[in-house]
2 protein chains.
Amino acid sequence: MPRIRHTTLTCSPGCTVEATLELFGGKWKALILYHLFEDGVLRFGEFRRRMPNVTQRMLTNQLRELEADGLISRTVFPEVPPRVEYELTDLGKTLKPVIQALKKWGDRYAHALQGRETGT
Amino acid sequence: MPRIRHTTLTCSPGCTVEATLELFGGKWKALILYHLFEDGVLRFGEFRRRMPNVTQRMLTNQLRELEADGLISRTVFPEVPPRVEYELTDLGKTLKPVIQALKKWGDRYAHALQGRETGT
DNA sequence: CCGTATCCGCTGAGATACTG
DNA sequence: CAGTATCTCAGCGGATACGG
């Protein structure tokens, strides 16, 4: 099935802002990337422990999309029991300033989020 | 109607990343903010011209959410014909580094978005 | 000009059960 | 351990029409 994402054409200045956000704007993608920046390499189960309220299905889904977008890599080790490791690609690593900016803002202005809750 | 946004409680490190993204993770919010950083003050119709593929309903919707989150202000001038101006609040202005980071990344790595289209 | 109201399709996302 | 497969449903978001 083709990876088509809702939208049309026509680009104007500011388009790249939107385009960038589409890349990791998925519900859990920023969080996945954040943990990868923290830990370097993570296995599926380690993600699950770090993000308890993400369902298995969603986690798989988001990981696959990030992989398809070339931001993370997925390495399967043919062992028993199976092992799969995820890490940032070179392209993925370039997102560091963006994630950092998000984190920095959130840390400083978390109080502005009163009344809103976020799962992690 | 209450402004409740899907999620639960429990915060861990990295939570603020997610929380921040929820603030302007709406489909057009980053773009709205971007244009406000560019132009300072914008009227409803000016937004529409800058973002032709956003429906009127969605634009209103996203503007209201940004307003409810305290990121932008909405000023109604009691004239005929009516005039409404939107601009960033002080809190909204603090998002500048984040939007800038998004824009910068998008400009540099837009080629990685091949096959994906984004409307503006 | 700046919106609201209504109808409705699509898909994002949870719960649960099963596989190599 | 690291996933698929199905079922299900709410709500995001588009189209269209109307109101102050």
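Just the heavy atoms: all of them, side chains too, but no hydrogens, waters or symmetry mates, feed the values below. Everything numeric in this text was worked out from a predicted model, so none of it was measured. Below, chain A is the first sequence line, B the second, and so on; all start at residue 1.
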Round to a whole Å and report the spacing from [atom1] of [X] to [atom2] of [N].
| X | N | atom1 | atom2 | value |
| --- | --- | --- | --- | --- |
| B/Asn61 | C/dC2 | CG | P | 18 Å |
| B/Arg64 | C/dC2 | CZ | P | 12 Å |
| A/Glu65 | C/dA13 | CD | C1' | 12 Å |
| B/Leu59 | D/dC12 | CG | P | 17 Å |
| B/Glu79 | C/dG3 | CD | P | 13 Å |
| A/Leu31 | C/dA13 | CG | P | 14 Å |
| B/Met51 | C/dC2 | CE | P | 15 Å |
| B/Arg74 | C/dC1 | CZ | P | 16 Å |

request  = Mind checking B/Arg48 for me? I need base, sugar-phosphate or nothing, with any heavy atom below 4.0 Å counting as a touch.
outcome  =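 B/Arg48: no heavy atom of the nucleic acid under 4.0 Å.
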
query = At under 4.0 Å between heavy atoms, what does B/Tyr86 touch on the DNA or RNA strands: base, sugar-phosphate, or nothing?
reply =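 The answer is sugar-phosphate, as B/Tyr86 gets under 4.0 Å only of primed atoms, P, OP1 or OP2.
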
Linked, directly or transitively: [X] and [Y] (ILVMFWY side chains, under 4.5 Å):
| X | Y | value |
| --- | --- | --- |
| A/Val76 | A/Val80 | no |
| B/Val41 | B/Leu36 | no |
| B/Ile72 | B/Phe77 | no |

task = Compare the minimum distances between each of C/dT4, D/dA2, C/dC1 and the side chain of B/Arg43, then state the nucleotide with the smallest one.
result =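 Within the option list, the nearest is C/dC1.
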
ask   = Looking only at heavy atoms, what is the nearest atom pair of A/Leu95 and A/Phe37, with distance?
value =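 Looking at all heavy atoms of both residues, the shortest contact is C-CZ, 3.9 Å.
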
query = Where do A/Leu23 and A/Lys29 come nearest, in terms of heavy atoms and distance?
reply =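 Distance-wise, the nearest heavy atoms are O-CD, 3.4 Å.
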
Sugar-phosphate or base contact per nucleotide [nucleotides 13-20 of chain D; S, B, -; heavy atom under 4.0 Å] = BBB----B

key: Salt bridge A/Arg48-A/Glu46, side-chain N to carboxylate O under 4.0 Å   =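 Result for this pair is no, no salt bridge flagged.
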
Overall bend - the helix from C/dC1-D/dG20 to C/dG20-D/dC1, comparing terminal axes fitted on five pairs, nearest 10 degrees =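 It comes to 50° between the two terminal axes.
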
query = In this structure, which one of A/Thr20, A/Thr16, A/Thr94 forms a side chain to side chain donor-acceptor pair (under 3.5 Å) with B/Trp105?
reply =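 That would be A/Thr94; it is the only one of A/Thr20, A/Thr16, A/Thr94 passing the side chain to side chain donor-acceptor pair (under 3.5 Å) with B/Trp105.
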
Residue A/Arg108 excluded, over 12 heavy atoms near CZ under 6.0 Å =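 Incorrect, the count does not exceed 12.
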
task = Hey, can you tell me if B/Tyr86 and B/Phe47 have their rings parallel, tilted or perpendicular (30° and 60° cut-offs)?
result =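 Ring orientation of B/Tyr86 relative to B/Phe47: perpendicular.
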
